[in-house]
Amino acid sequence: MTQSLADMRRDYTRDGLSEANAPAEPFELFRQWFQDAVQTEQPPVEPNAMTLATVDAEGRPHCRVLLLKALDDRGFTFFSNYDSAKAEQLEACPFAAMTFFWPSLERQVRIEGRVEKVSVAESDAYYQVRPLGSRLGAWASPQSHVIRDRAELERLLAETEQRFLDQAPHCPPHWGGYRLLPERMEFWQGRPSRLHDRLNYRRLASDWQRERLAP
Ligand SMILES: Cc1cc2nc3c(=O)[nH]c(=O)nc-3n(C[C@H](O)[C@H](O)[C@H](O)COP(=O)(O)O)c2cc1C
């Protein structure tokens, strides 16, 4: 290692987040920040990539990176395999947390809430706009299960290609979307000397309460 971990740090100077500029409602602020990220972040950063944390039946946390694929007034939608490890965890505990990190903007957003499956119609609609390779992969890959080697995966894909030689693949029953319904959304803007801005929105019965958290 050329630089010691203890010496690795950046000062954040790009922007601030004040109550005066932040809307009363967090979805609007997320949309603004997401647009900023789409315009500002450069590859290899994927603005819609986020870390999703789930908890298993023993209370142990697990997290992995996923892509956000839809956002509406209900919540944040991602797609995955309904037989995967994360699916089993969401079955045991239907709550999750997601974190977006946009490094060029020095911004983080944390979202927490209950998770539900989206309708079959929504999963079908998204499945159909995926590239063919991804649609076949959803059938072929037993996500999160142990496979013998790479050759087994390629064999599973070849079998799937044979199966759908004469017909377009339809959405597998073991694949689809989940929607996180936020109860808390926190917007973090890096500031100099670690005096960061944190605005936290908590869902009340009919609207949102906004509060500032210490960094
Ligand atoms: C940039 C990136 C994007 C990803 N997007 C997805 C996704 O949208 N859906 C998905 O199921 N897995 C996605 N993955 C793979 C997951 O991180 C993970 O390996 C997979 O979902 C299995 O997780 P699990 O075993 O905890 O269920 C992505 C990984 C990376 C690095």
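Whatever order the structure lists ligands and atoms in, that order sets their numbers, starting from 1. No hydrogens, no waters, no symmetry mates; every other heavy atom, side chains included, goes into these values. Just so we're clear, the structure is a prediction, and the values are computed from it rather than from any experiment.
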For [X], which part has a heavy atom under 4.0 Å from ligand 1: side chain, backbone, both, or neither?
X      : answer
Gln143 : side chain
Phe78  : neither
Ala85  : both

### Task
Keeping the roles fixed (side chain from Arg14, backbone from Glu106), state whether a donor-acceptor pair exists under 3.5 Å.
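No, Arg14 side chain to Glu106 backbone: no donor-acceptor pair under 3.5 Å.
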
Please list, in number order, the atoms of ligand 1 under 4.0 Å from a heavy atom of [X].
X     : answer
Ser84 : 27 (O)
Phe79 : 7 (C), 8 (O), 9 (N), 10 (C), 11 (O)
Ser80 : 10 (C), 11 (O)

### Query
Is Arg31 salt-bridged to Asp73, cutoff N-O under 4.0 Å?
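Counted as a salt bridge, because a side-chain N and a carboxylate O are separated by less than 4.0 Å.
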
### Message
Check this for me: does any side-chain nitrogen of one of Arg184 and Glu112 sit under 4.0 Å from a carboxylate oxygen of the other?
### Response
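Salt bridge present between Arg184 and Glu112.
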
### Task
Assess Lys117 against Tyr82: is NZ or CZ under 6.0 Å from the centre of the six-membered ring, and within 45 degrees of the ring's axis?
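Cation-pi check for Lys117 and Tyr82: passes.
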
Do [X] and ligand 1 have an N or O pair less than 3.5 Å apart?
X     : answer
Arg64 : yes
Gln89 : no
Leu66 : no
Ala49 : no

### Query
Between Phe34 and Phe76, is a ring-ring contact (aromatic ring centres under 6.0 Å, His included) present by the stated rule, with each step listed?
CA-CA 12 Å; Phe34 187 71; Phe76 295 76; 9.4 Å; no

### Query
Is the His196 ring parallel, tilted or perpendicular to the Trp188 ring (thresholds 30°, 60°)?
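His196 vs Trp188 ring planes: tilted.
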
#### Entry: Parallel, tilted or perpendicular: rings of Trp139 and Phe164 (30°, 60°)
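Judged by the thresholds at 30° and 60°, the geometry between Phe164 and Trp139 is tilted.
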
How far is [atom] from its nearest protein heavy atom, and which residue and atom is that?
atom                    : value
atom 3 (C) of ligand 1  : Leu67 CG, 3.8 Å
atom 24 (P) of ligand 1 : Ser144 OG, 3.5 Å
atom 1 (C) of ligand 1  : Glu46 OE2, 3.4 Å
atom 16 (C) of ligand 1 : Val65 O, 3.2 Å
atom 21 (O) of ligand 1 : Lys86 NZ, 2.7 Å

### Heavy-atom protein neighbour under 4.0 angstrom from atom 19 (O) of ligand 1
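Given the 4.0 Å limit, the answer for atom 19 (O) of ligand 1 is no, no protein heavy atom qualifies.
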
### Query
Can you list the steps and then say if Phe30 with Phe100 is a ring-ring contact (aromatic ring centres under 6.0 Å, His included)?
CA-CA 10 Å; Phe30 184 88; Phe100 292 84; 5.1 Å; yes

#### Entry: With Thr77, the side chain to side chain contact (heavy atoms under 4.5 Å, CB included) member among Leu68, Asp72, Val118
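Exactly one pass, corresponding to Val118.
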
### Message
Applying side-chain contact (heavy atoms from CB on, under 4.5 Å) to Lys86 and Leu66, what does each step give before you reach the verdict?
### Response
CA-CA 11 Å; Lys86 78 181 78 53; Leu66 300 178; 3.8 Å; yes

